[in-house]
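No hydrogens, no waters, no symmetry mates; every other heavy atom, side chains included, goes into these values. For this chain, numbers begin at 1 and follow the sequence in order. Since the structure is predicted, the reported quantities are computational estimates derived from the model, not experimental observations.
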Amino acid sequence: QSSSTPYFLSANHCVSTQTAASSVTTDWFYRSAACNSSEINAGAQRLNGGATLLHAQAATDTAFMRLNATPPAGIVFAGSYFGAVAEGAGTLSIHHPQGDLQKVNESTVRQFDNCTFEGCQVSTPKDGGFLTVRLRAGTTEDGSSGSGLFLPIGGKRYVVGQLLGGAASCQNPAGYDHYGRYDLAFQAALRNWLKPAPLARRHLTRLGAVWPDDSSRRLPSVRPPRWVLVAIFVLPGRCLASTGLPDRPARADRHLTSFR
């Protein structure tokens with residue numbers, strides 16, 4: 001179920017104060033008019049008015065806001081999942097690298113880390129505040145920060161994190177990226193605004209994008225979750241508010257090449 005409240009998920013290193021939130025401008029439907037085209041979709045719209053900062057947390061690099069202005073007609077709220085994410089899970093992200101038109105990349109969850117501005121260290125599912133993924137198709141760039149990481153469940157995809165940074169780039173397409181864990185942010189504070197549907201009325205909502213069929217990659221270990229809806233909005237700019245290798249990276253700590 002959804003209240004249709006325009007909640008906005010981003011990265012704490014992009015928006016950590018009300019002053020920054022008040023300056024937020026969002027762009028909608030900012031994508032190409034057709035595949036392999038550089039022509040901007042004719043329906044692209046810009047929304048001013050800023051946002052109200054509800055929660056900011058460095059531990060998972062989370063910024064959670066509510067837009068002050070009503071989003072344009074035709075938007076679709078994204079579902080979010082606050083259950084466990086397994087190592088080896090296939091994931092996708094939607095982002096705007098360097099403020100470019102909307103892009104999608106695929107990745108695999110490699111491990112759980114704890115990250116700071118200096119770098120990341122390997123942790124455990126219990127203690128790690130970030131999901132570290134290895135890109136398999138597509139890549140992120142500067143400007144992709146705050147973009148959502150989506151987990152496939154039952155033929156649909158749900159938000160499980162937002163981008164901090166990493167080493168992936170066009171020059172290093174198989175690099176690692178680090179996403180703050182949505183489930184930990186939900187447990188810490190977001191549940192104060194986002195209430196799960198009753199267990200007897202679990203509802204999976206279609207995302208605002210067309211995805212390839214991934215029925216062969218469903219996660220048998222994921223238990224039926226409780227659900228909550230949150231809108232994820234993306235905009236071009238330096239910081240945006242809005243990818244099957246089982247072995248771990250050899251190094252226990254890694255420097256973040258860049259914050260997105």
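Listed for the N114 side chain is a donor-acceptor partner under 3.5 Å among the backbone atoms of G129. Of the possible polar contacts, one joining the S32 side chain to the A34 backbone as a donor-acceptor pair under 3.5 Å is found. Side chain of S123 to main chain of G128: a donor-acceptor pair is present (N/O by atom type, distance under 3.5 Å, no hydrogens or angles). Although no hydrogens or angles enter the test, the distance criterion places no donor-acceptor pair under 3.5 Å between the side chain of Q102 and the main chain of I94. The main-chain N or O of N12 is found under 3.5 Å from a side-chain atom of D61 such that the two form a donor-acceptor pair.
L184 and V85 fall into different hydrophobic clusters, where Ile, Leu, Val, Met, Phe, Trp and Tyr side chains are chained together by heavy-atom contacts under 4.5 Å.
Listed by chain and number, the residues in a side-chain contact (heavy atoms from CB on, under 4.5 Å) with S38 amount to none (sequence neighbours excluded). With sequence neighbours left out, the side-chain hydrogen bond (donor to acceptor under 3.5 Å, both in side chains) criterion links N172 to no other residue. For D183, the side-chain contact (heavy atoms from CB on, under 4.5 Å) test picks out F82, R181, Q187, with sequence neighbours left out. Here S22 pairs with Q18 under the side-chain hydrogen bond (donor to acceptor under 3.5 Å, both in side chains) rule; sequence neighbours left out. By the side-chain hydrogen bond (donor to acceptor under 3.5 Å, both in side chains) test, T70 is found to be paired with no residue, residues two or more places apart in sequence or in another chain being considered. Annotation: side-chain contact (heavy atoms from CB on, under 4.5 Å) contacts of T17 (sequence neighbours excluded): T19, A20. With sequence neighbours left out, the side-chain contact (heavy atoms from CB on, under 4.5 Å) criterion links P173 to no other residue.
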Start with the C-alpha gap between F130 and Y179, add the side-chain angles, then the distance that decides, and say whether ring pair (Phe, Tyr, Trp, His ring centres under 6.0 Å) holds. CA-CA 5 Å; F130 292 81; Y179 290 82; 9.5 Å; no

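Taking each heavy atom of V159 and A78 in turn, the nearest pair found is CG2-CB, 4.2 Å. L101 and S37 make their closest contact through CD1-O, 4.4 Å (heavy atoms, listed as atom of the first residue, atom of the second, distance).
Side-chain contact check for L151 versus R157: every heavy-atom pair is 4.5 Å or farther apart.
When only modelled atom types and interatomic distance are considered, H95 and S147 share no side-chain donor-acceptor pair under 3.5 Å.
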